[in-house]
Amino acid sequence: MSKSNHFSKKLLNWYDPKARSLPWKFIKDPYKIWVSEIILQQTRAEQATPFYRNFIQLFPTVGALAKAELDQVLKAWEGLGYYSRARNLHHAANYVQNNFAGKIPSTYKELLTLKGVGPYTAAAISSFAFGEAQPVLDGNVFRVLSRVFGIEAPINVGSSRKIFQKQLNKIFDKKRPALFNQSIMDFGATCCKPSEPSCPSCPMADFCFALKNKQIHQLPKKLKPPKKKIRYFNFLFLTSGKKLLIEQRTEKDIWQNLYQFPLLESKELVHEDFIKDNFRSNLNLNKSINFDLVYSTTRILTHQKLYVQIWAANLRKKDFTEKEGALWVNNSDLHKFAFPKLFDLFFNDIC
DNA sequence: AACACGGGGAG
DNA sequence: CTCCCAGTGTT
């Protein structure tokens, strides 16, 4: 028997559907499968689970999601990260309403026309929800293929993809696409793990390239990521009575469409006096207004390191200020706005 | 082809 | 600290 067929047979024999029980498994609703796959992009299952449950409760159907305001959808995504997923999901829900009569399209090709649905997600939805023979190629599958078949092409460069896709097509079980896809991802997640894989009990052990050649810790190969960008964020926590000044981020940058306090950003560390002067002139505040440093932290993102300071000031009625694009919100309305995670930490810290 | 995009967990 | 995670869109 060829090594390729051997793989599929071993895999399906190894797979225990009950071993990894997750809320989006064993469901057939294409909408829920779609939502789960978007949430799971670059996100661990444990982190995804509460967000998935909450999201489905708030937006049970594609119609409900399409009707919702983007701010509501972002609020449901608050703290999860990669917020373009929420924007694209909302956009695509309306696209499905208008172009597919509210039915999630059933083919790989049509699914690719939805914003936020790429090759992985289209293969996942089309196979899980509709039984189409499309193999998924995600981080797990890259790792498994690299080790078992000895593929040395780095998995984090686009040009390697076709090499992995070719090998994947060879071993894919067209007769049982959903089962194969579920199995190979579970196998990667629980057996052929990134570190400390369970080689002694691995069903592929007798023909795995990496095990045979002692390459388990060398495969998959990956190119070094670029260095983190350093950014300095100084926010102003400006209150007046029960009101607080916030603004929406609109740039194509991290946290697009989320809310924040008025911000002074710099590439270098800047002096306290410069920050305060900037706040005064930017918000048209009186010289007598005082600012206290109330919060200081760092945030590590995948490609950035943020040095964050939050300054507080309180205004009397007569000092009340207006700023283009900013809005005063009541404490009681704050929960309606989606903020980056660091503000959640801040709110918890000061309360 | 390279870059941008969050946040959390594990080692 | 580093690496990884059920990746995709933009430039």
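Since the model is a prediction, treat every value here as computed from it, not as a measurement. Throughout, protein chains are lettered first and strands after them, A, B, ... in sequence-line order, and every chain is numbered starting at 1. The figures that follow rest on heavy atoms only: side chains count, while hydrogens, waters and symmetry mates do not.
Among the protein residues, A:Ser84 comes within range of no part of the nucleic acid, since none of its heavy atoms lies under 4.0 Å from any strand. Using a 4.0 Å heavy-atom distance criterion, A:Leu80 is classed as a base contact. At the heavy-atom level, A:Val117 lies under 4.0 Å from the strands shown only through sugar-phosphate atoms. Heavy atoms of A:Ser159 sit under 4.0 angstrom from primed sugar atoms or phosphate atoms, though from no base atom. Among the atoms of the strands shown, only primed sugar atoms or phosphate atoms (P, OP1, OP2) are found under 4.0 Å from some heavy atom of A:Gln304. Residue contacts shown for A:Gly79 are limited to sugar-phosphate atoms, with no base heavy atom under 4.0 Å away. Residue A:Lys229 is out of contact with every strand shown, counting any heavy-atom pair closer than 4.0 Å. Residue A:Leu137 is out of contact with every strand shown, counting any heavy-atom pair closer than 4.0 Å. Among the protein residues, A:Pro226 comes within range of no part of the nucleic acid, since none of its heavy atoms lies under 4.0 Å from any strand. No engagement by A:Lys228 is indicated, since no non-hydrogen atom pair under 4.0 Å with the nucleic acid exists.
Regarding A:Lys193, its NZ atom lies at a distance of 18 Å from the P atom of B:dG9, rounded to whole Å. Distance, A:Ile254 CD1 to B:dC5 P: 7 Å, rounded to whole Å.
Sequence order on DNA chain C of the closest nucleotides to A:Lys224 and A:Trp24 puts A:Lys224 first from the 5' end. Comparing A:Asn88 and A:Ala124 by the nucleotide of DNA chain C that holds the closest heavy atom to each, the one mapping nearer the 5' end is A:Ala124.
At a cut-off of 3.5 Å, with distance as the only test, a side-chain donor of A:Thr107 or A:Glu110 sits close to an acceptor on the other residue. In this structure, a donor-acceptor pair under 3.5 Å is absent between the side chains of A:Arg249 and A:Gln256. Between the side chains of A:Ser332 and A:Asn330, not a single donor N or O lies within less than 3.5 Å of an accepting N or O.
When DNA chain C is scanned 5' to 3' for any atom under 4.0 Å from a heavy atom of chain A, the first and last hits are C:dC1 to C:dT11.
Below the 3.5 angstrom threshold, one finds no donor paired with an acceptor across the side chain of A:Thr43 and the base of B:dG7.
The side chain of A:Lys252 places no N or O atom within less than 4.0 Å of a non-bridging phosphate oxygen (OP1 or OP2) of B:dC5. Considering only side-chain N and O atoms, A:Trp255 lies under 4.0 angstrom from the phosphate OP1 or OP2 of B:dG7.
Ring-centre distance between A:Trp311 and A:Phe237: not below the 6.0 Å cut-off.
In this structure, A:His303 does not pack face-to-face on the six-membered ring of B:dC3, missing the 5.5 Å centre cutoff or the 30° plane limit.
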